[in-house]
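So the structure is just underneath, and the comments pick up after that.
Order of appearance sets the numbers: ligands from 1, and atoms from 1 within every ligand. When reading the values below, keep in mind they use all heavy atoms of this one structure, side chains included, and skip hydrogens, waters and symmetry mates. This one's a predicted model, so the numbers in the text were calculated from it and none came from an experiment.
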Amino acid sequence: MAKYVFVTGGVASSLGKGIVAASLAKLLQARGLRVTIQKFDPYLNVDPGTLNPYEHGECYVTDDGAETDLDLGHYERFLGAHTSKANNVTTGKIYHTVITKEREGAYLGKTVQIVPHITDEIKRRMLLLGKTGRFDIIITEVGGTVGDMESQPFVEAIRQLQWELPEEDLLSIHLTLVPYLRAAKELKTKPTQHSVQLLQQAGVHPDIIVCRTEKDLGPDLKKKIAQFCNVKPGHVIQSIDASSIYQVPVNLDKEGLDEMVVEHLGLKGLPDPDLTALQEFLERIRHPKSQVDIALVGKYVELQDAYKSIQESFVHAGAANECKVVVHCVHSEFLNDDNAKELLGEMDGILVAPGFGERGLEGKIVAVRYARENGIPFFGICLGMHMAVVEFARDVLGLKDAHTTEVRPGTSSPVIDLMEDQKTTTVKGGTMRLGAYRCRLAEGSLARRIYGQELISERHRHRYEFNDAYRRAFEEAGMKISGCNPDTGLVEIVEIPSHPFFIAVQFHPEYKSTPENPQPIFVEFIKAAMERRGNA
Ligand code: GLN
């Protein structure tokens, strides 16, 4: 039987609930337990695939093709293990299931209600992964903050499970904020007290309270919170602001979080967590031997979370190279031939980001050209690959009108075009080419050298692809196809062998990078940037 840990949040959003959940999972895994994490999101979209990054940050894609919350990216990066469709549930998914069943007649004669029908479906999904026999512990993070109207059914489901599961099989953690009032020079516990009150009014009793804080709470404040919030003394701990998210497991271990959890869950005789690999990784982040400046060219750069996995991949690749990677976000909408030198001239590498739609596209093309003509290491991802192809077609092949049919359906040179099976698709949600596909790497190519093997698998999220009709023209002019899907022939990677480092990929390599297994293209891209910096 698996045991269940629930993580709710209060006071404010963006307190790092996902990081706390992932850190706890990491600590339990480091004690030898089999752990997975799932996220329950209160919004009505069936998945975040239809949300734009301004609304919800990056959309993270799993191997099995689920479009999920970006917290699943943290789960995978912390655990070094894959998640799946079952690890991200939304209110939309719950209602979709219940209403479909209602139409099928599954509840014939009954009134279908939030309690028990919606809450039963929530509980079924909360327990689902625990029934596979693959995990000892399931950590469930509930999105939003307690008191929100839309998260009430999730909190109610936890309340019911508190009575339905044996006491030592369920643990509830509540994350709150203890703000520091600069003028008063004081940390304030009242918002935490109110948040716990709200949770308790809903019938859920927290076993552990984790307080996000920018200053050390000290034993007295922790004792005060425990007293007012009705939890065991010692069961209030802090999560203090950290310079790296990967430091949080170490900090929470020092606070005794995992110790409390295993004790409450009756798991005896477990070893202390082995955090050697994580500590080594942190050491490398703390003491880089060099630095590179990388331009991240995209249209969502104002938003920290929009390119989360790419940013994290740079942290991993930097650590692998003992190099500090300073990422400069360049807004593609405002990039043009006149300011390219000013914005990109000092960069050691240029990455053109994925995306959808026309806004900022010409700026991405400018970035590709600048990298190609000036021998700056270049890395294009998905839409970034499309723009690398369009730029090459326009400038080297002389196809001035070349474009992707995503934004110019009538172009006379559709070098990027809709995939055949997408032409009849009208429904938007979950209909892209999603998830893991294999790719065969050409002998002697940069890609083959980077991966060191012939067959790889990476994750996808796109509708448009390299138009095979132009393959010969590109290859003859010096842009090589170095990776293809072995089953369909779809082009996955292009590169320019005459350039010091120019690679663009149809897939999203950033989804699979972890501290312990940094993604190889990112690692080599940083290496190329370091070489350029060294030679400059
Ligand atoms: N908009 C492009 C497509 O749908 C690229 C998608 C992406 O960059 N993830 O094919």
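Of the charged side-chain nitrogens involved, none lies within less than 4.0 Å of a carboxylate oxygen, so that Asp71 and Lys17 do not count as a salt-bridged pair. Salt-bridge check for Glu333 with Lys299: failed, with every basic side-chain N at 4.0 Å or more from each acidic carboxylate O.
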Give me the pairs of N or O atoms, one from ligand 1 and one from the protein, that sit under 3.5 Å apart.
residue  : atom   : partner : partner atom : Å
ligand 1 : 1 (N)  : Gly355  : O            : 3.0
ligand 1 : 1 (N)  : Glu406  : OE1          : 2.7
ligand 1 : 1 (N)  : Glu406  : OE2          : 3.0
ligand 1 : 4 (O)  : Arg463  : N            : 3.1
ligand 1 : 8 (O)  : Gly355  : N            : 2.9
ligand 1 : 8 (O)  : Gly355  : O            : 3.3
ligand 1 : 8 (O)  : Leu383  : N            : 3.0
ligand 1 : 9 (N)  : Arg461  : O            : 2.9
ligand 1 : 9 (N)  : His508  : NE2          : 3.1
ligand 1 : 10 (O) : Arg463  : N            : 3.0
ligand 1 : 10 (O) : Tyr464  : N            : 2.8

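When ring centroids are compared, Phe474 and Phe392 come within the 6.0 Å threshold.
Residue pairs meeting the salt bridge (Lys or Arg N to Asp or Glu O under 4.0 Å) criterion with at least one member in residues 82-100: none, sequence neighbours excluded.
Aromatic ring orientation, Phe525 versus Phe501: tilted (interplanar angle from 30° to 60°).
Side chains of Thr90 and Asp41: a donor-acceptor N/O pair is absent below 3.5 angstrom, by distance only.
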